[in-house]
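Chain letters run A, B, ... following the sequence lines, proteins first, then strands; residues in each count from 1.
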Amino acid sequence: MIFFSPIWLLLLLPLAAAMYLWRLPTRGLNLVRFIIILLLVLAMAQPAMKLKDQQGTVVVLIDRSESMPLKAADDQLEVLKSLHGEMGSEDRLAVVSFGDRTIIEQEPSDQATETLQSPADQQHSRLADGLEAALSLIPPEHPGRILVVSDGHWTGRDPNAVTARAAGRGIGIDHRWLSRPRAEDLAVRDLQVPAQVLPGQAFMISGWIHSPREQVIGYTLTKHGEELSAGERAVPRGLSRLLFRDRAKLSGNAAYRLTLRPPDTDANATATLTALGDAFPENNTARALVEVRGRKPLLLVSHFGAESGLAQLMVKGGMTLVARKPHQCPWTLADLSRWSAVVLENVMAGEIGQDGMETLAAWVEDTGAGLMVTGGEKSYAPGGYYGSPLEKLLPVSMERRNEIRKLQTAIVVVLDRSGSMSMGVAGGKTKMDLANIGTVQVLDLLSATDEFGVIAVDSAPHTVLDLASAERQQNALFRNKILKIESMGGGIYVYEALKAASQMLMKASAANRHIILFSDAQDSEEPGDYKRLIATMRKAGISISVIGLGTPSDVDAKLLEDIAKRGEGNIYFTDRPKEIPRIFAQDTFAVARNTFIKEPAALELAGALSTLGAPASWQPPPVGGYNLTYLRDAASVGLLTRDEYRAPIVAFWQAGNGRVACYTGEADGTYAGEFAQWTQAGDFYATLSGWAAGQQSQLPDRMLLTQDIREGICYVQLHLDPARQGEVFTQAPRLKLLRETLGQPLRKEARTLNWKTADLLEAAIPLEGEETVRAVVSIASQTGVPLSQSLPPVRLPYSPEFAPDQPDRGRKALAALSKTTGGRERLNLADIWTSIPRQPRYVPLSLWLVLTGLILFLLEVFQRRTGFFEFRRRVTTSSEETGDGRSTLRPRAAVTQSDTPATTVDEPKTFRAPKRKRRRADRESTTPPVVAPPMLEEDNTQPPVIPPNLSDSGTTFDALSAARKRAQDRRGPEDQ
Amino acid sequence: MPAFTYPLAWIAALTLPALVAIYFLRHRFRRQQVSSLLLWQLHRESREGGRRVEKPQWPMVFFLELLILALLVLAATGPRWQVPHTTRPLIVVLDDSQSMLAGPDGERPRDRAIEKLKELTKERRFRSFQLIAAGTTPRLLGDKARHLRELEDQFEQWTCQAPQARLNAALGLARAMGHQEADLLVLTDEAPVRSPGQGHLRWIALGQPRINFAFINAARSVHGAEDRVLLEIANPSALTGTNTLRVVAGTNVLHQETLTLATNKTHRLTFPIAAHTPKLQATLGPDALTGDNEVHLVPAARPRVRVRIAIEDEELHGLVADSLAATGLRALDEDPPELVVHQSDSVPAGKEVWGLRWFPAPEKPERFTGPFVMDANHPLTRGLSLPGIVWGGYPGATNAPGYRPVITAGNVPLLTHRPEIDGRQQLTLRYVPNHSTLHTTQHWPALFWNLLDWRAQAKPGLREANHRLGTDIAYRPANDEVVIQKPDGTQQTLQAPGTEIRLPVNLPGVYEVHSGSGTNRMSETFAVNFLAGEESNLARAVSGDWGKWGTENEIRLEYASILPYLVLLALAIMVWHLACIARQGGRV
């Protein structure tokens, strides 16, 4: 036993003194009172004893995956409420939710959980992780149980290992099964394709169909969205196979998609299946990727599509390519993996989008693919590439140089600082922060003689920087002033904003006057008579571009479009805040910078062109126009202009594992010039793009790289030759992963391949439901040449949450967990608390001590007031006198009676029962049993107390006589 | 608002009416006005004290008693009140990885951490303590404790055996438990990624860079008729060091060498060893961390399949036997069979028996030269390609009901497969050797290797014999009860409701696992090794103190037990009560 506050035990000393000073009438009562005080002081010292106790911790494990029933959260909260209502004072309730991630909703406590923090409809049910977290919340040798509230369809690691550990610790895992009905689940169980095939190779595509009953179904198999096969088939109950065959044609990737549908409907009838009662329509479509080995074609992206002159020239030069228009490109990892390189022909950055550019950049840098960019008025700086994810990949830069500028320009940036701008975005920044950064970028891109001003607008315009020369404003003080603009609430008042900006610009000395209006496309208010205002502004030479935060379908988008149209500027929409700075730069380039030279320029061959494989005899004619850029330090130049700028026309370099080539002239269009007519133009473009496409490196020393998906995990294995001599690596091979989920930014990961056996290295990559993963293995070989080889992209058919199963598989899985650990299905939640195993733990005793003290005190009062127990004993004894007439009862020591009729007697201040006299009284207590009256030492004048006659019969006089006689007897010896 | 720990104790409030009831009972000291000596007539009254209800009197002691009882009832409910506190709870995150045991006794980071914690509690008062061990997963070491001495038991649970310390996950748990109110302390041997400022977190590292050689990889795998061993030793220290590697099997020293490794260099050793060589033990000489200086490698799992060849044609029988022998996966005996290669129409009998039906040669076989279509995901076609081969088959053959094509020539099935509900697999092969070339290529033994390996994987038992600590170990039990004998001598019995379970291992060493009964009893040995390169890296071990806790002067309202104060008040009143009774001669 331990005392948590032993200091209180010191109280026993003064309390003992008090008890000695003020005693109770009887020894018994004193003893009881002492026990009471002792118990209470002990209770204050807070003793605890290690006892086997049943009170412990119940951890509720909540499944938050999307396979759960629609209103599962309500049921789960009801479970928590019920458990909380039944828990004891020392019990603890903890809540852990699991899905993609495991979250501790509530640590062990006596609190109730009202809401769940983790989002619902997650793509995984990582039960093992959840169990691990739940187990960690129950301390060792502490009683506890785990209650799993789930449909039992787990994904990820097998929960068996954790279950076994729980069993080892004596922690039972109970479960409550909640599930969507799976009985009617028609599904594609798996879509099996070979990971890699050779061009021309035939292979099987197996679509495993899980049907709840015998029925006729419709199916459609597509390849890159084009229908390969469609039809109807009678399928039996259970698992059956739809078998397809295909032959690989072009090298690259082939994306297959198998969709089930009701018979006599078209391929997009998944919704109909839902209506027919399919519990999981999500698993009626499965996807798979096949890589066709060999030289992959190029992708040419051009506004002209296949009609592009560049495409025709390249084909003429011997290249295999596919031409697409920008809107036809999905810019996904799976699609990009089909190509060896991408050629962007005068395509604006906005047409690729922020996510697309990020994916494209990662694809080039990490997987060793190629990129070629050609010039034009929609490319490079005017195309919005300045500040874009692709900019850093290009061997040329687009920064401001003083020697090139348009007419003197005055720009006023009007910034929306309404409430919506305070919303956070990635990197811990707000939308306002990104708009501020974009505004500073505008300032930095202006020349010294340009003029610049900033107005922040909410329900009124506020001048942040008055119009002044850019040279004066381009310092830290003013930059900070812009960067500190904060969102202040309210909406943006458009009319007031434009009016203030135009008034500011009217003071400008520059003839070229421009407003950049940055506004929320959902919250642009009070346009007033903007049409007349803009008309006036146009007369004053003021143009307006609008950057709308949102999409063209937003409520105020039309207004913003109209403002830009009437202002004869550009309109940009973006719902990706990260794009804001890039768009600000793009508009500034368009208005204030002359980066596309529209004059013919003669070309000069640089030596580096021969490294691309170009013959030295080439005499390229002049280009009709070009994008003015600057060669980066590590880049090589193949062609440059002979004009005053000596600007690069062909530049190239290695970007990460990939290659990037830039041609800054316009390949096909007004400014292509004589170059387009050059007889060698086809070879030229083919040489350039062929270099960019590069060659896949082969692994040395008979190494073999394989990739295999098992149970949702992609195993990348590097097999070594067992007969190899010595070490083959200077360091462990690295694995770079690109993970792409539609609608989310690309993620990159790096890992090391670990030795699994003497001749095998392995990395295990868990796959998420809807993502595509592409792995690149980099090897630092003994020769010192770094080698990298990319593997085909892989993906799961669909989220593993929807993998069809036997209708009761989930229930069986939960039952197995419970059986292993001695748990069970809990229909009645109340008894979970009583089934917690008893374990030794420190049990506080204060409660029991106080309760005991309380009861004893009540008894003491009862006894003191009534003498109940003594009477009972006495009465009992009177009828059971001993044979010699002596009573076995001890006399009462403190019984008295008031003797003064109708008056109040002064009570003695203290009551002291002299020990000596009491002892004598004890000795003299003889038959008949009497209750001795108290003898007051201080007051001998008190009348004697006459023992009562125990006989109920006789007269008053008899009683008085007897009393008198006894009194004489008692006083006799003293008189003598 | 007060909170009550034991609300059921309100039942004790019944004592209050009970007290009142007592005062309704006849008091043995009841004052009685009498007019004469007839008072003696009333002797009975005293005797009847407590037995008769009379008009009560309400002396002051009654009210004192009532107050005492009320206070005690309140105290019994375990009341907690929001009282001002200047102290905070302390949540300590303890690095549970093995590097905390580096160094000699008394100087190990673990020992120093405990001392440091005691030291800190002398410098600053804390309201309570909660220990969280940060291993592979964070875990609570015990209940919240109010006194440091309560933590002694919990320190014993801090074993520092984990192959990694997920300090951030543990800090996440600590933050969740602390509700922004607790002081957090991390006791580890490594520096924080980002130094915490002033606030709630203090990070104390108590490690020291030391020279440490460690096994970071160890494997023993099947390589034909023998095993192949991989040992990888690293020196993840800040200094060049020397150590001795010794590999023994029983009493035989198989390898011994002195290693001198520069900082962060590794030495990889691969060598073949006879498959029958018993458990290998590789050790390094003593250094800062002992846990990573030893590995055990038991013979690699080498499952063999009992195959019966029920083919009468001698030539074909010979071809099949040779093909099976080439795989190295066929058991010497064939009874009871696990795979039957046959030519009959019926499937082989037996609960565990798979069948490969080899169709008898037709009269006029057709020679297929491709293109062959393969189910590339089937276990039989792993690594298989059929370029330029000739396959003598059966013209016009079709799939039997329930069978799925694995290899076809156009629409003609050559190899098919049918899974059965009980887990058995039935295969059919249409192959005429005299008209084919496949059996003369390296793909033929590959096909049979795939077949036997597939069958072997479905057998009960372990798939691999040597494991890394922290990985899942799959086991197919022979029945539904599995017994594991652990390296520390303890034994655990597991229920195995499914066909495959994961074995619970948390210590490095050699384990035994048993399942089945009678002739079906199966015992296997497997090794688990501590192979955590990051954890063995003592070069990054540092000592330092980052972050500061806020000042103690903040006053916060927090729930605390007020039981002692209620009881104290009750005791004080009890003394008063005592004095009152004594003053009245006990007649109240």
Side-chain angles (χ1 to χ4, degrees), chain A residues 4 8 18 22-25 40 43-44 89 104 107 132 136-137 139-140 158 160-161 164-165 167-168 192 194 202-204 206 241 245 722 755 757-758 816 819-820 846-847 850-851 854 858 861-862 865-868 871 894-896 898 901-902 907-911 946 948 956 959-960 963, chain B residues 5-6 12 15 18 22 25 27-28 31 33-35 38 40-41 43 46-47 49-50 65 72 75-76 137-142 146-147 157 176-177 217 219 221 228 230 270 371 373 375-377 404 472 492 494-495 497-498 501-502 504 563-564 567 571 575 578-579 582-587:
Chain A
F4 293 131
W8 291 111
W22 300 301
R23 298 182 197 179
L24 288 172
L40 294 181
M44 290 173 75
S89 56
I104 295 171
E107 77 284 0
E132 197 107 54
S136 72
L137 292 178
D158 194 324
N160 249 316
R165 279 215 300 282
Q192 293 180 338
F203 57 92
M204 282 185 201
S206 300
R241 181 157 80 163
R245 273 170 296 184
W755 287 90
T757 68
K819 188 182 175 191
T820 308
S846 295
L847 162 74
V850 171
L851 279 177
L854 181 79
L858 192 69
V861 173
F862 180 68
R865 295 264 316 161
T866 65
F868 180 81
F871 277 122
V895 177
T896 185
S898 175
E907 299 287 342
K909 287 184 180 176
T910 57
F911 174 82
I946 298 172
T956 303
L960 282 173
Chain B
T5 314
Y6 315 109
T15 53
I22 287 171
L25 294 176
H27 181 19
R28 59 174 164 170
R31 282 202 187 95
Q33 290 184 1
V34 294
S35 58
L38 284 175
W40 297 113
Q41 182 68 18
H43 65 280
S46 143
R47 206 175 58 197
E65 285 159 2
L72 291 182
T137 52
R139 62 192 170 99
L140 301 184
L141 286 181
R146 275 177 288 179
H147 298 274
Q157 304 287 341
M177 298 188 75
N217 268 310
S221 51
R228 235 167 115 74
L230 163 77
T270 52
V373 185
D375 182 350
N377 292 287
R404 304 164 183 167
D472 282 355
Q492 185 181 345
L494 290 170
Q495 293 300 313
I501 62 165
R502 300 289 186 276
L563 179 142
V567 175
L571 281 171
V575 170
L578 207 57
R583 209 173 61 180
Q584 293 181 26
R587 289 169 293 178

Quiz item: Given side chains that start at C-beta, do those of Leu140(B) and Glu107(A) come closer than 4.5 Å, heavy atoms only?
Solution: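 Answer no - side chains too far apart.
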
Quiz prompt | Side-chain heavy atoms of Leu40(A) within contact of Leu72(B), under 4.5 Å | solution =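 Yes. Closest side-chain heavy atoms under 4.5 Å.
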
Quiz item: Out of Ile104(A), Asp158(A), Leu851(A), which one racks up the most heavy-atom pairs below 4.5 Å with chain B?
Solution: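 Heavy-atom pairs under 4.5 Å are most numerous for Asp158(A).
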
Return the [atom1] to [atom2] distance between [X] and [Y], rounded to the nearest 0.5 Å.
X: Arg404(B); Y: Met204(A); atom1: CZ; atom2: CE; answer: 12.5 Å
X: Thr820(A); Y: Arg502(B); atom1: OG1; atom2: CZ; answer: 12.5 Å
X: Thr5(B); Y: Leu847(A); atom1: OG1; atom2: CG; answer: 9.5 Å

Less than 4.5 Å to any heavy atom of chain A: does that hold for the side chain of [X], its backbone, both, or neither?
X: Leu563(B); value: side chain
X: Leu494(B); value: side chain
X: Thr137(B); value: side chain
X: Asp375(B); value: both
X: Thr270(B); value: side chain

What part of [X] is in contact with chain B, defined as an atom under 4.5 angstrom from a non-hydrogen atom: side chain, backbone, both or neither?
X: Trp755(A); result: both
X: Ser206(A); result: side chain
X: Arg165(A); result: both

Identify the heavy atoms of [X] and [Y] that sit nearest to each other, and give their distance.
X: Thr757(A); Y: Ala219(B); result: CA-CB, 3.8 Å
X: Leu858(A); Y: Ile22(B); result: O-CD1, 3.9 Å
X: Val850(A); Y: Ala75(B); result: CG1-CB, 4.1 Å
X: Trp22(A); Y: Ala582(B); result: CB-CB, 3.9 Å
X: Asp472(B); Y: Ala161(A); result: OD1-CB, 3.6 Å

Quiz item: With no hydrogens and no angle check, is any side-chain donor or acceptor of Gln492(B) less than 3.5 Å from a backbone partner on Ala164(A)?
Solution: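 Side chain of Gln492(B) to backbone of Ala164(A), a donor-acceptor pair under 3.5 Å: yes, one is there.
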
